Number of protein chains: 2
Amino acid sequence: MANIQQVAKHAGVSVATVSRVLNGQNTVSSKTKLKVEEAIKELNYEPSMLGRNLRNSESRIVLILIPTISNPFYLEIIKGIENVAISHNYNILLCETDSDPEKENIYFDLVRKKMADGIISMDPAVNVETLKQLAEKYAIIQCSEYGGGIGIPYVTIDNEEASYRAVKHLLQIGHTKIALMNTDEKFLYARERKMGYERALREHGIEMNNNYIFYTKDLGFENGQQAMKKILKLKERPTAVFAVSDLLAIGALKEINASGLNVPRDMAVVGFDKIDFSNMTNPTLTTVAQPMYKMGTTAAKMLIEKIQGNKVDSVILDFELVIRESTAG
Amino acid sequence: MANIQQVAKHAGVSVATVSRVLNGQNTVSSKTKLKVEEAIKELNYEPSMLGRNLRNSESRIVLILIPTISNPFYLEIIKGIENVAISHNYNILLCETDSDPEKENIYFDLVRKKMADGIISMDPAVNVETLKQLAEKYAIIQCSEYGGGIGIPYVTIDNEEASYRAVKHLLQIGHTKIALMNTDEKFLYARERKMGYERALREHGIEMNNNYIFYTKDLGFENGQQAMKKILKLKERPTAVFAVSDLLAIGALKEINASGLNVPRDMAVVGFDKIDFSNMTNPTLTTVAQPMYKMGTTAAKMLIEKIQGNKVDSVILDFELVIRESTAG
DNA sequence: TATGAAAATGTAAACGATTTCATTTTAGAT
DNA sequence: ATCTAAAATGAAATCGTTTACATTTTCATA
């Protein structure tokens, strides 16, 4: 495998000149440039990123931290990140943390060891303290979920408002007994979405009923099924349920169907995220569309700015309520 | 940010000694080892992968080539790859090719430029010629889909047999008019699965009916919907359909439901892959389970062997037919 | 033709580790 | 106390780039 020295020798110039050709600098005469390019071709030379990266003290790699790859919610975001990254000559390392601090730390080590130039964190369970510390020395952006007030830039939507609108939609089509399928309130988004739920009810003069609020451990399909099982057992059964993730909602849907009830006639369902599958279910799912692709591109741009040493501000993007069959009474 | 020189100075030893401590070599006296470890702690030193990688001529990164991140089929495989990779101190770069040779080439360049030590290709649309050429100089393994006879090791299942069994199951529960929802036969797995379909029919003395064979451009949900629309319009409508991917099958399911017909009473459906969502649909989907996680770990182990310069043989793993509601007559 | 600024090229020092080979230290045997 | 082999350590080369600085070449102008 040829290196820059051999190319230089073969072309009869210095390595500096070869490097200049490689990097498209204009201080090379077209004659020597030609010679060099010929040598490159003849030797089948490919510049090594290893040497370049060391010299430039960069890895051209950014980390994406997600709790699990199994939730399609992240896929669209990742695509957004990737496209921006690629176009800026960065590559992305996808890191599944399983919300495990141990695994998380392995990935944090990658940036400490210069294997990565920055991090986009999408893990709601991330250790905020560690993240904060890390952010003092390295470029970090939070995406979708964020720790507030720790000074790390984030991109997200207005979760309270989104939740408010979703529930308001249910109220407007006549529901009054509305269950909330939420996750652990240690997550900021869970608290915010609950607040939106409360505000909507309050606004319609409906009293909060704690029996209608269910907490699940994760955002997965099975959690939705289990929670719905409990809901269906309630003496005063609600007529609608708002789930804070599509996967939960799809689990709920399945359980309702299995119980012989009809969606939306007997029970309306609203999800959150607008993952691809929310359109594949029967009936299709009403859901809050997060601008996932945009979130990804935005986060990536912010990170690259940060890596370049610039100051960046947090961003709050718009969402959209998508009404489909599961509430189309 | 401290480097190894400063640690050496601070500990009053040479860089060689520090390096030895770092790499856990046993030729360091416990006394100096202690000194060095102290210095490392005091200076908050983290060894740079950039320097190490250059010196070792390796990147400790492997590439995974997938056509699209949107098909959950790949997720489980990726998990398998990742776990093995991590435990061998490799990191994975997930590369979505969109089956676009242009994008593909960008990723191939990463290994040419030493940014990656090897490739696991899962893209059926990969340019076999390029791959073959690349495999002469770099470590490459094919996973799930493979170009036969090009000398690149692969891990896969027996697609012909798997398809045969799926169709045989439909025959056994009484179906005789069975449609095949296939993809482009330029893909090896498409040809193989069609052969299995034919063999099963032949064995039951049923004549192949080309009107019952449908080709889709991709393996996505929408393709399944569209194909099913055509199937439902047939004058002599089949009573069962075998789709070569779960996403296709789920699209078919949705379309059948929408048309007012019942699965499995009016139309039985069998998918392929056993993605998570195949269990979330209504009804749940009968499907061929590929050992995705195992495929991932196997491919990763093979790749690492290959990177280390060893010869590796191709592997064919077992599959399993999972019978669920969509054929439970 | 001589001059000097601008353009082109080269030299050599980084970047931060690992490792070979040489040298020093240690410790056990006499 | 002396010797010797083994253990511990260090000096310096190396991996493959980029780039600051020094030097040479070019060429329009006087």
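These figures come from a predicted structure and were not determined experimentally. Letters A, B, ... mirror the listed sequences (proteins, then strands); counts begin at 1.
- Contact check for B/Leu317 versus B/Val155: side-chain heavy atoms found under the 4.5 Å cut-off.
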Chi angles and distances behind the side chain to side chain contact (heavy atoms under 4.5 Å, CB included) call for B/Thr297, B/Asn83: CA-CA 7 Å; B/Thr297 57; B/Asn83 282 348; 5.5 Å; no
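- Checking each of A/Lys41, A/Lys35, A/Glu42 against A/Glu38 for a side chain to side chain contact (heavy atoms under 4.5 Å, CB included) leaves exactly one that passes, namely A/Glu42.
- Here C/dA14 presents its C1' atom at 16 Å from CD of A/Glu58, a figure rounded to the nearest Å.
- Side-chain atoms of B/Tyr74 and B/Ser144 form no donor-acceptor pair, as typed in the model, at a separation below 3.5 Å.
- Using a 4.0 Å heavy-atom distance criterion, A/Asn53 is classed as making no nucleic acid contact.
- B/Tyr45 is listed as a side-chain neighbour of B/Ile4, based on a closest heavy-atom distance under 4.5 Å.
- Nucleotide C/dA14 holds its C1' atom 12 Å from the CG atom of A/Asn56, rounded to whole Å.
- As a whole-Å value, the separation of B/Arg112 CZ from D/dG16 P is 19 Å.
- Nearest-nucleotide mapping onto DNA chain D: of A/Leu50 and A/Gln25, the residue sitting toward the 5' end is A/Leu50.
- At whole-Å resolution of the value, CZ in B/Arg52 and P in D/dC15 are 19 Å apart.
- Between the P atom of C/dA17 and the NZ atom of A/Lys114 lies a distance of 8 Å, rounded to the nearest Å.
- Side chains of A/Ser59 and B/Leu50 form a contact here, defined as non-hydrogen atoms less than 4.5 Å apart.
- Across all strands, B/Gln6 comes closer than 4.0 Å to no nucleic acid atom at all (heavy-atom distances).
- Of all heavy-atom pairs spanning A/Asn127 and A/Glu104, the tightest one is N-OE2, 3.2 Å.
- Ranking C/dT18, D/dT17, C/dG16 by closeness to the B/Leu54 side chain, first place goes to C/dG16.
- Atom NZ of B/Lys103 is surrounded by more than 12 heavy atoms from other residues, nucleotides or ligands within 6.0 Å.
- The distance between atom CE of B/Met1 and atom C1' of C/dC15, rounded to the nearest whole Å, is 14 Å.
- Side-chain atoms of B/Thr183 and B/Leu219, non-hydrogen and from C-beta on, do get closer than 4.5 Å to each other.
- For the helix from C/dT1-D/dA30 to C/dT30-D/dA1, the axis fitted to the five pairs at one end and the axis fitted to the five pairs at the other end meet at an angle of 50° (nearest 10 degrees).
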Summarise how protein sits on nucleotides 7-14 of chain D as a single string, 5' to 3': B when a protein heavy atom is under 4.0 Å from the base, S for sugar-phosphate-only contact, - for no contact. -SBBBBBB
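- Here B/Asn3 does not reach the OP1 or OP2 of C/dC15: none of its side-chain N or O atoms lies under 4.0 Å away.
- Rounded to whole angstrom, the span from the CE atom of B/Met115 across to the P atom of D/dC15 amounts to 20 Å.
- Comparing C/dC15, D/dT18, C/dT18 by their nearest atom to the side chain of B/Ile4 picks out C/dT18.
- Rounded to an integer number of Å, the gap from A/Leu34 CG to C/dT9 C1' is 17 Å.
- Here A/Ser19 lies in heavy-atom contact (under 4.0 Å) with a base.
- Minimum heavy-atom separation, B/Ile69 to B/Ile66: CA-CD1, 3.9 Å.
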